[in-house]
Amino acid sequence: MNDALVCLIDGQPGHALAASDSAVLRGDGCFEAIRVYAGSPFRLADHLDRLQFSASALGMEVPERRLLEEWTSQVVAGRGDCVVRIVLTRGPAIPGAGGAGRCIVMSHPLPPALGALRLLPVAAPWHPAGRPWELAGVKSISYAPNLAASRRAAAAGFDDAVLVGDAGVVLEGPTFSVGWVSGGVLRTPSLDLGILESITRRVVMELAPLEEVVAGIDDLLAADEVFAMSTLKEVTPVVAVGDRTVGPGPVTARLRQRVAEAVAETTVRQASLPAQPR
């Protein structure tokens with residue numbers, strides 16, 4: 001196996017996916033990305049719960065949880081800090097191609113991290129933004145519109161985008177949740193808008209009084225501090241939203257520290273658990 005990418009497909013070493021698979025031809029599938037600290041996957045159970053939710057919404061089968069846990073343990077063995085990705089595909093999209101849906105579990109090194117972000121507001125007409133939609137909150141592999149927003153932001157000299165819906169409603173980043181501080185009050189877009197329920201966002205809400213709101217881009221531009229939340233970004237300060245310069249500030253710094261402490265506590269606790277028989 002390539003040291004940079006350790007990959008299992010249905011529990012067997014491999015890197016190849018059939019060209020006829022729906023994941024290749026139609027972007028039809030779902031996934032999770034899990035941060036691993038010192039060999040311990042953080043909030044694995046929460047991620048697997050969300051994978052089950054996504055798969056159920058897509059009408060897809062999910063391997064037994066014990067297998068997903070075992071395959072995750074295999075790909076992180078001896079790796080220390082890394083990322084695990086679990087991808088479920090539906091199977092062949094071409095009649096007569098044969099085969100079934102696949103479960104890919106892989107680990108890879110952490111990408112370089114930015115200490116702060118500059119975000120460009122980008123309209124997101126594809127986002128449900130509160131409208132009824134069968135895939136609201138699903139972590140599907142169909143990320144092309146989101147990544148197009150990221151590329152537009154990069155072309156304009158920004159680090160990434162913040163997606164904006166109808167009437168200028170603030171939604172989320174292409175691969176992260178957003179939050180902000182106004183007058184000492186912490187806020188984040190409501191899940192009723194159809195945004196993804198980020199696991200990191202959930203952790204932050206356990207640690208601080210984060211108020212869920214439906215807010216316009218003007219509220220974000222007027223904020224005292226803005227921050228991004230995701231598995232890979234953890235809590236990262238935002239220092240510009242469009243032409244508006246913000247933070248970084250003390251509230252974001254404290255949130256970042258508290259998340260780091262929660263990670264450290266979980267990592268120590270997991271390391272102290274006895275190995276489970278397989």
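The first residue of the sequence shown is numbered 1, and numbering continues consecutively from there.
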(request) For residues Leu255 and Leu186, determine if any side-chain heavy atom of one lies less than 4.5 Å from a side-chain heavy atom of the other. (result) yes

(request) Check whether any side-chain heavy atom of Phe42 lies under 4.5 Å from a side-chain heavy atom of Ile34, and answer yes or no. (result) no

(message) Show the nearest heavy-atom pair for residues Ile141 and Gly27, with the distance to one decimal.
(response) CG1-O, 3.3 Å

(request) Say whether, by atom type as modelled, one donor and one acceptor occur between the side chain of Glu225 and the main chain of Thr252 under 3.5 angstrom. (result) yes

(message) So, taking the atom named CG in Asp28 and the one named OG in Ser142, what distance separates them when rounded to the nearest 0.5 Å?
(response) 7.0 Å

(request) Find out whether Leu88 and Pro63 are in side-chain contact, i.e. whether some heavy atom of one side chain is under 4.5 Å from a heavy atom of the other. (result) yes

(message) Applying a strict under-4.5 Å side-chain criterion to I, L, V, M, F, W and Y, I'd like to know whether Val36 and Leu232 cluster together.
(response) no

(message) Using the rule that Ile, Leu, Val, Met, Phe, Trp and Tyr join whenever any side-chain heavy atoms are under 4.5 Å apart, tell me whether Leu51 and Val76 fall into a single cluster.
(response) yes

(message) Give me the atom names and distance for the closest heavy-atom approach of Leu120 to Ala153.
(response) CD2-CA, 3.8 Å

(message) Checking Ser73 against Glu69: is there a side-chain donor and acceptor pair closer than 3.5 Å?
(response) no

(request) Find out whether Val170 and Asp219 are in side-chain contact, i.e. whether some heavy atom of one side chain is under 4.5 Å from a heavy atom of the other. (result) no

(message) Less than 4.5 Å apart, side chain to side chain, heavy atoms only: is that true for Leu8 and Pro13?
(response) yes

(message) Testing the basics here: between Ile86 and Leu48, what is the closest heavy-atom pair and its distance to 0.1 Å?
(response) CD1-CD2, 3.8 Å

(request) Kindly say whether Leu220 contributes a backbone atom to a donor-acceptor pair with the side chain of Arg244 at under 3.5 angstrom? (result) no

(request) Kindly write out the residues that satisfy salt bridge (Lys or Arg N to Asp or Glu O under 4.0 Å) with Arg102, not counting sequence neighbours, or none if the list is empty. (result) Asp10

(request) Verify, without hydrogens or angle tests, whether Arg256 (side chain) and Val235 (backbone) share a donor-acceptor contact under 3.5 angstrom. (result) yes

(request) Establish whether Val178 and Val169 are linked, either directly or via other cluster members, by ILVMFWY side-chain heavy-atom contacts under 4.5 Å. (result) no

(message) Give me the atom names and distance for the closest heavy-atom approach of Pro109 to Val83.
(response) O-CG2, 4.5 Å

(request) Using atom types as modelled and distance alone, determine if a side-chain donor or acceptor of Arg79 lies under 3.5 Å from a backbone N or O of Ser107. (result) yes

(message) Once rounded to the nearest 0.5 Å, what's the spacing between atom CG of Leu163 and atom CD1 of Ile217?
(response) 10.5 Å

(request) State whether the side chain of Ser20 and the backbone N or O of Ala93 hold a donor-acceptor pair below 3.5 Å, judged by distance alone. (result) no

(message) Please report the interatomic distance OG(Ser54) to CG(Leu135), rounded to the nearest 0.5 Å.
(response) 9.0 Å

(message) By the salt bridge (Lys or Arg N to Asp or Glu O under 4.0 Å) test, which pairs, at least two apart or in different chains, include something from residues 185-208?
(response) Arg43-Glu206, Asp46-Arg202, Arg187-Glu211, Glu197-Arg202, Arg201-Glu212

(request) Please collect all ring pair (Phe, Tyr, Trp, His ring centres under 6.0 Å) contacts where either partner lies in residues 131-181, sequence neighbours excluded, each pair once. (result) Phe31-Tyr143

(message) To the closest 0.5 Å, what do you measure between OG (Ser140) and CE (Met60)?
(response) 10.0 Å

(message) Let me confirm one number: the OG1-CE distance from Thr188 to Met229, rounded to the nearest 0.5 Å.
(response) 4.0 Å

(request) Hey, could you give me the CZ/CG distance between Arg90 and Leu25, rounded to the nearest 0.5 Å? (result) 13.0 Å

(request) Kindly say whether Pro92 contributes a backbone atom to a donor-acceptor pair with the side chain of Asp21 at under 3.5 angstrom? (result) no

(message) Out of the candidates Leu110, Ile199, Thr200, only one should pair with Arg35 under the side chain to side chain contact (heavy atoms under 4.5 Å, CB included) rule; please name it.
(response) Leu110

Identify all side-chain donor-acceptor contacts of residues 145-152 below 3.5 Å with residues at least two apart in sequence or on another chain.
{"unit_1": "Asn146", "atom_1": "OD1", "unit_2": "Trp126", "atom_2": "NE1", "d": "3.1"}
{"unit_1": "Asn146", "atom_1": "ND2", "unit_2": "Pro174", "atom_2": "O", "d": "2.9"}
{"unit_1": "Ser150", "atom_1": "OG", "unit_2": "Asp160", "atom_2": "OD1", "d": "2.7"}

(message) With a 4.5 Å cut-off on side-chain heavy atoms, are Val84 and His47 touching?
(response) no

(message) Check for me, please, whether Leu221 and Val164 land in the same ILVMFWY cluster - side-chain distances under 4.5 Å, paths through other members count.
(response) yes

(message) Less than 4.5 Å apart, side chain to side chain, heavy atoms only: is that true for Ser177 and Leu196?
(response) no

(message) Among residues at least two apart in sequence or on other chains, which ones pass salt bridge (Lys or Arg N to Asp or Glu O under 4.0 Å) with Asp49?
(response) Arg65

(message) So which atom in Leu17 and which in Thr89 form the shortest heavy-atom distance, rounded to 0.1 Å?
(response) CD2-CG2, 4.4 Å

(request) With sequence neighbours excluded, tell me which residues meet side chain to side chain donor-acceptor pair (under 3.5 Å) with Glu134. (result) none

(request) Could you check if a side-chain atom of Val62 sits within less than 4.5 angstrom of a side-chain atom of Leu68, using non-hydrogen atoms only? (result) yes

(request) Verify the cluster assignment for Val241 and Val214: are they in a single hydrophobic cluster under the rule of side-chain heavy atoms below 4.5 Å apart? (result) no

(message) Quick check: closest heavy atoms across Leu117 and Ala228, and the distance to 0.1 Å?
(response) CD1-CB, 3.7 Å

